[in-house]
Amino acid sequence: MNDADLDQLLSEPLPERDAADFSVALMESITQHEARPARILSWISAGVMLVVIVAACLFGASSFGQGDLGAHSLAIPAMLTFLACLLSYVVLQSVRE
Amino acid sequence: MDDSALVERAVGTRDVAAFSQLARLHQSRVRGLLLRLTRGNHAAADDLAQETFLEAWRGIANFRGESSFSTWLYRIAYSRFLMQARKRKPDEQLGDWQETTPSGESATQARIDLERAFAKLSPPESAALTMCFALGLSNTEAAAAMDIPLGTLKSHVLRGREKLKAILGDPG
């Protein structure tokens with residue numbers, strides 16, 4: 001093979017590759033990458049909210065423990081716990097999306 | 001719409017659609033370059049190409065237009081390849097054209113021989129020859145893409161050509 005033949009062979013364009021699958025995979029990667037800060041923020045929000053609600057429940061339970069609320073003594077902490085679970089579920093669902 | 005307009009849109013408004021169009025325009029050549037560097041390993045080349053475009057998307061705000069967008073992409077692709085090559089264990093084998101080139105591919109025998117010969121070159125020689133010939137970059141652009149001095153690029157091209165001639169059977 002002489003220089004001219006080699007140059008000609010080397011100068012041939014690289015074979016065309018189909019963009020379809022590659023582009024779809026790339027767009028998925030970019031979407032995941034873009035969603036990362038929001039996902040991290042959601043997890044932090046969920047953690048902070050859970051801590052706040054648990055602290056409120058504990059504070060409420062200790063306050064109620066000092067007074068006589070009769071039948072309501074369990075209802076209010078139970079309601080707060082239910083609310084905490086509900087809110088956590090909502091936040092976790094949005095994180096998954 | 002040309003590259004610069006698409007880049008402007010991708011930078012200005014983080015327009016994914018504009019970047020997607022840029023990726024579609026350049027994916028074939030970036031994948032082709034990486035396929036040569038990985039010695040015909042399609043999976044490894046495509047993984048590296050994905051990483052290249054993702055890195056380009058992350059850093060597109062840093063693209064100042066001093067070179068063409070494609071040269072900037074080749075630079076990322078080549079540095080990604082080198083980073084991965086450094087991590088690879090010494091005994092880990094890359095692809096082999098004989099094994100990975102699909103049999104149904106309409107490649108001429110000369111091209112198959114050329115790709116097999118490319119597999120015997122060092123990565124800088126392979127990259128330099130591919131950029132300067134198949135991708136049509138000037139020596140200066142190729143040197144910038146490989147982040148090496150112009151003189152070093154020229155010696156890679158020269159040595160690579162000599163090796164290819166010897167492998168492909170130079171009668172002279």
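Letters go in sequence order (proteins before strands), and every chain restarts at 1.
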- Task: Under the side chain to side chain contact (heavy atoms under 4.5 Å, CB included) rule, what do B/F133 and A/E12 come out as? Steps first, then yes or no, please.
- Result: CA-CA 8 Å; B/F133 287 89; A/E12 277 181 22; over 6 Å; no
- Task: Compare every heavy atom of B/S28 with every heavy atom of A/P15, then report the nearest pair and how far apart it is.
- Result: O-OG, 3.6 Å
- Distance, nearest 0.5 Å, that separates CZ of A/R17 from NE2 of B/H42: 5.5 Å
- Note on the structure: Rounding to 0.5 Å, atoms CG (A/L9) and CG (B/L164) come to a distance of 9.0 Å
- Is the CD atom of A/E34 crowded by more than 12 outside heavy atoms at less than 6.0 Å? yes
- Is there a side-chain contact between B/R24 and A/F22 (heavy atoms, below 4.5 Å)? no
- Quick one: which of A/N2, A/D3, A/D5 gives a side-chain hydrogen bond (donor to acceptor under 3.5 Å, both in side chains) with B/K165? A/D3
- Message: I need the A/E16 CD to B/R29 CZ distance, nearest 0.5 Å.
- Response: 7.5 Å
- Message: To the nearest 0.5 Å, what is the distance between CG on B/L114 and CG on A/L6?
- Response: 7.5 Å
- Heavy-atom distances under 4.5 Å only: say whether A/D18 touches chain B with side chain, backbone, both or neither. backbone
- Query: Any side-chain heavy atom of A/L14 within less than 4.5 Å of one from B/R36?
  - Reply: yes
- Answer key: most heavy-atom pairs under 4.5 Å with chain A among B/A23, B/G136, B/A134 is B/A134
- Message: Heavy-atom count check: over 12 atoms from other residues, nucleotides or ligands less than 6.0 Å from B/D2 CG?
- Response: yes
- Separation between CD1 (A/I30) and OG (B/S20), nearest 0.5 Å, reads 7.5 Å
- Query: When you look at CD of B/E8, are more than 12 heavy atoms from neighbouring residues, nucleotides or ligands closer to it than 6.0 Å?
  - Reply: no
- Query: Considering only heavy atoms, which portion of B/R14 lies under 4.5 Å from any heavy atom of chain A: side chain, backbone, both, or neither?
  - Reply: side chain
- Message: I need the B/Q27 CD to A/L26 CG distance, nearest 0.5 Å.
- Response: 9.5 Å
- Task: Let me know if A/S29 has heavy atoms under 4.5 Å from chain B in its side chain, its backbone, both or neither.
- Result: both
- Item | Segment of B/L129 engaging chain A (4.5 angstrom heavy-atom cut-off) | side chain
